[in-house]
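Beneath this line is the structure, given in structure tokens, with notes to follow.
Residue numbering restarts at 1 for every chain, and letters A, B, ... go by the order of the sequence lines.
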There are 2 protein chains.
Amino acid sequence: MTTRSSAPVRQSSVRAHNLALVLNTVANSADPPSRAAVSAATGLTRATVSALVDDLIAGGLVTELDPPPRTGAGRPAAGLALTAAGPAGLGLEINVDYLAACVVDLTGAVRQRFTEHADQRPAGAAGALAALGRLGARARLAAEADGLVIAGVALAVPGLVSGDLVRVAPNLGWQNTDAAALLRGVPELADLPVAVDNEANLAALGELRVAGANPDFLYVSGEIGIGAGVVIDGELYRGVRGWSGEIGHVTVYPDGRPCRCGANGCLEQYAGQEALAADEPLAAAALGIALSAVVNLLDVPVIVLGGAFVPHFERLRDGIEAELRRRVLTAGLAPVTLRAASLGAEAAVRGAADAVIREVREDPAGWLRRTS
Amino acid sequence: MTTRSSAPVRQSSVRAHNLALVLNTVANSADPPSRAAVSAATGLTRATVSALVDDLIAGGLVTELDPPPRTGAGRPAAGLALTAAGPAGLGLEINVDYLAACVVDLTGAVRQRFTEHADQRPAGAAGALAALGRLGARARLAAEADGLVIAGVALAVPGLVSGDLVRVAPNLGWQNTDAAALLRGVPELADLPVAVDNEANLAALGELRVAGANPDFLYVSGEIGIGAGVVIDGELYRGVRGWSGEIGHVTVYPDGRPCRCGANGCLEQYAGQEALAADEPLAAAALGIALSAVVNLLDVPVIVLGGAFVPHFERLRDGIEAELRRRVLTAGLAPVTLRAASLGAEAAVRGAADAVIREVREDPAGWLRRTS
DNA sequence: CCAAATAATTCAACCACTAAACAAATCGAC
DNA sequence: GTCGATTTGTTTAGTGGTTGAATTATTTGG
């Protein structure tokens, strides 16, 4: 949790921070930890941890495990774990040829998943989002039957997003669409807070969740277009206006093929879905050149290729790595790791659902206020 | 101030944060504010502000102005301002053909400046840093005669830095040099904490200080090599290992001129100091292509050209802007602002000195602990 | 069955902030 | 000039949250 530097801090902020600290310690422990273990891990006293855990249990975020995990001598510890039947996130995704909905609980487990394959362009923004909202409503109903409480909705869109507004989604043909408002038009979702974000950003979060270990990487999403999400220290870097990661339009060959964006030689023309399908020989080199730029500029140690790149990964790998070795200034000091994503097409929906519960996990105090 | 999410927060952290909040409010006010004004600006009560200000005054960071600023009815307010005779930062810079030292006080004013022009390569790292240390010692002595207390040293180096270690400084011919240790070898500086950072990063901070208003920009430094510093929300983005901003080695023409880094077509070959001096016609286009990549990836709204680019700015401007319009995907939604730096060659030293006092301003509690 | 060990809770003390009352210092009106 | 209005700054009691030490709870092993 980060505290805005321009805001005053009171004791309640201390509690809010420490609640998050305890919750995340419970979440990230390999085995269900005791209060004493949480105390040792966080540096808070056992007294404080007990008080905080009481709040978290009362708020339904943490549960005491029933069969206390076996230990040595002494009073047996009560194992703590995130509640599976607590708040959950509803992730929604719209793309050119499908709709998807997904519910993830506090523990990160996928509890519901729905998909509908169909071309979304004819329906227009209003029609497509209404259909997606209905799909989301089904997912919500099924999740609530399982005892979950949907905390919010996050929507993944293949386009440039400012707040709730989709400024441009070229492949869908959308412009200045208030996606959150259209989604809330579906009565079953009207009561939920809605966040809209770029598909690649959310897919990067999805990958972060499952790949876990490495909190610094660039996720490259190959859909119809190519986008990227930058994850630094476990946080998404969104850019000043939320338009970061447009790697698809990084120039690779200055006088190369014309792109539909109006420029020449964009990466998308050499490594987009069509180029990949056509077994384009330049794809690996083009990716390598663009990715080298990213590493030179951002110093990210790991690159994850996702979406449509996954099935082509082995074919592309050597070519990309050769360019990285040649063009990344620091390649000699520390090699760049390249790997295929663990999640396939479902990365963005999962990441969206995950983004919702991330907020609960980062600010449990806010959730407790909401529910009390 | 940012609170690490993995650390517990206690009441003392609250005080530390609020001390910084008050100090920065005083620093950023146009006119010397009263305690009441600080209270209104921060949201803290007047009682709390009074207590915090007492600490800051006792620690020599803030002073009550003598002639109380005229107001209307009511008890006259005591104006608060940063102490000019308090902690100060010592900035040092080494580059291929000069050494520089600079002292900046809490208010941001330059209090001392020393420069020595000479080729630094023959002396080697130890010799050059000893000379720089002596220059710094002179600056320190002069500053202390003015009543300043040097809080620390920051060293700007044209190369890749990890912690105190200069991994590679190609133009100086350095490799794996413990610059901080060598600098502390000068007895007059041995008691000071030393930070080492990349020259472009620190120059970006220098520019941030003087240009003030815009907290999001990319600073491009044209020295012998080309580097860049990314400032987002007033903070330097250093990358995972501190190697961000190597824009000089972004590929512009994949099969272009060979670069001394081993790759082909690096920006540095088309817009480096020699290319600029030779009135290279490709410089603007090359810069435009590389900068477009930065904006597409990072979504920075402002680009500042510094160092050797400043005298050539008007000649380059149109060419760069044309490429930005063409190649930045979001150029239609929000234009990219391009401007010349306000500081010239002294940006890095000033930024270095500034980086030291930035730390004091961001963590006044730490400074108070040190001095008490 | 008791000692040792470990887990969790209780309670007094402390620290930092808030809110409200109070003291200080000026202006303007009569 | 003196007095009320006004604004600044301080004082004081109260509250929320953490600490540390003492206490209670529950097990294992001799």
Side-chain angles (χ1 to χ4, degrees), chain A residues 3 7-22 26 29 31-58 62 64-80 364-365 368-369 372, chain B residues 1 3 7-22 26 29 31-58 62 64-80 364-365 368-369:
Chain A
T3 322
V9 161
R10 338 174 169 277
Q11 280 92 323
S12 62
S13 330
V14 171
R15 189 149 194 100
H17 177 106
N18 286 339
L19 272 172
L21 180 60
V22 167
V26 171
S29 295
D31 302 313
S34 64
R35 290 168 175 76
V38 172
S39 160
T42 57
L44 295 163
T45 62
R46 280 178 303 171
T48 305
V49 170
S50 276
L52 292 166
V53 166
D54 285 350
D55 279 12
L56 292 172
I57 289 179
V62 162
E64 257 180 337
L65 293 184
D66 219 17
R70 220 63 255 83
T71 47
R75 172 175 171 175
L80 300 172
L368 298 183
R369 258 196 314 280
S372 66
Chain B
M1 195 186 69
T3 323
V9 161
R10 341 176 164 276
Q11 279 92 325
S12 62
S13 329
V14 172
R15 189 148 194 100
H17 177 104
N18 286 339
L19 273 172
L21 180 59
V22 168
V26 171
S29 295
D31 302 314
S34 64
R35 290 168 174 76
V38 171
S39 160
T42 58
L44 295 163
T45 62
R46 279 178 303 166
T48 305
V49 170
S50 274
L52 293 166
V53 165
D54 284 350
D55 279 12
L56 292 173
I57 290 179
V62 161
E64 258 181 336
L65 293 183
D66 219 16
R70 242 5 309 72
T71 47
R75 172 175 171 174
L80 300 172
L368 298 183
R369 258 197 313 280

Identify whether any heavy atom of Thr48(B) sits under 4.0 Å from a base atom; if not, whether one sits that close to sugar-phosphate; answer base, sugar-phosphate or nothing. base

From CG of Leu21(B) across to C1' of dA16(C) the rounded distance in Å is 15 Å

Over how many whole Å does the gap from Leu52(B) atom CG to dC15(C) atom P extend? 16 Å

So, do Val14(B) and Ser13(A) sit near enough that their side-chain heavy atoms are less than 4.5 Å apart? no

Spacing of Leu80(A) atom CG relative to dA7(C) atom C1', expressed in whole Å: 12 Å

When we call it a touch if two heavy atoms are under 4.0 Å apart, what does Arg46(A) touch: a base, just sugar-phosphate, or nothing? base

Any Thr45(B) side-chain nitrogen or oxygen under 4.0 Å from OP1 or OP2 of dA19(C): no

Nearest 0.5 angstrom please: Gln11(B) CD to Gln11(A) CD, how far? 6.5 Å

Between CZ of Arg369(A) and P of dG16(D) the distance, given in whole Å, is 15 Å

The single option from Leu21(B), Ile57(B), Val22(B) passing side chain to side chain contact (heavy atoms under 4.5 Å, CB included) against Leu52(B): Val22(B)

Examine dT18(D): is either OP1 or OP2 under 4.0 Å from a nitrogen or oxygen in the side chain of Arg15(A)? Give yes or no. yes

Using whole Å, what does the distance between atom P of nucleotide dT18(D) and atom CZ of Arg10(A) come to? 16 Å

Using only side-chain N and O atoms of Arg75(B), determine if any of them is under 4.0 Å from OP1 or OP2 of dT10(D). no

Between dG16(D) atom C1' and Asp55(A) atom CG, what is the distance in whole Å? 12 Å

Approximate separation, where rounding is to 0.5 Å, of Thr48(B) OG1 and Arg35(B) CZ: 13.0 Å

Among dT27(D), dT8(D), dG16(D), which is the nearest nucleotide to the side chain of Gln11(A)? dG16(D)

Side chains of Leu80(A) and Leu56(A): does their closest heavy-atom pair fall under 4.5 Å? no

With a cut-off of less than 4.0 Å, is there a side-chain N or O of Ser50(A) near OP1 or OP2 of dT9(C)? yes

Starting at atom CG of Leu44(A), determine the distance to atom C1' of dT9(C), rounded to an integer number of angstrom. 16 Å

Touch check for Ala47(A), heavy atoms < 4.0 angstrom, all strands: base, sugar-phosphate only, or nothing? base

With the side chain defined as heavy atoms from C-beta on, Asn18(A) is closest, among dT18(D), dC17(C), dT19(D), to dT18(D)

Residue whose closest nucleotide on DNA chain C lies nearer the 5' end, Ala73(B) versus Ser34(A): Ser34(A)

Side chain of Arg35(A) - closest among dA8(C), dA25(C), dG17(D): dA8(C)

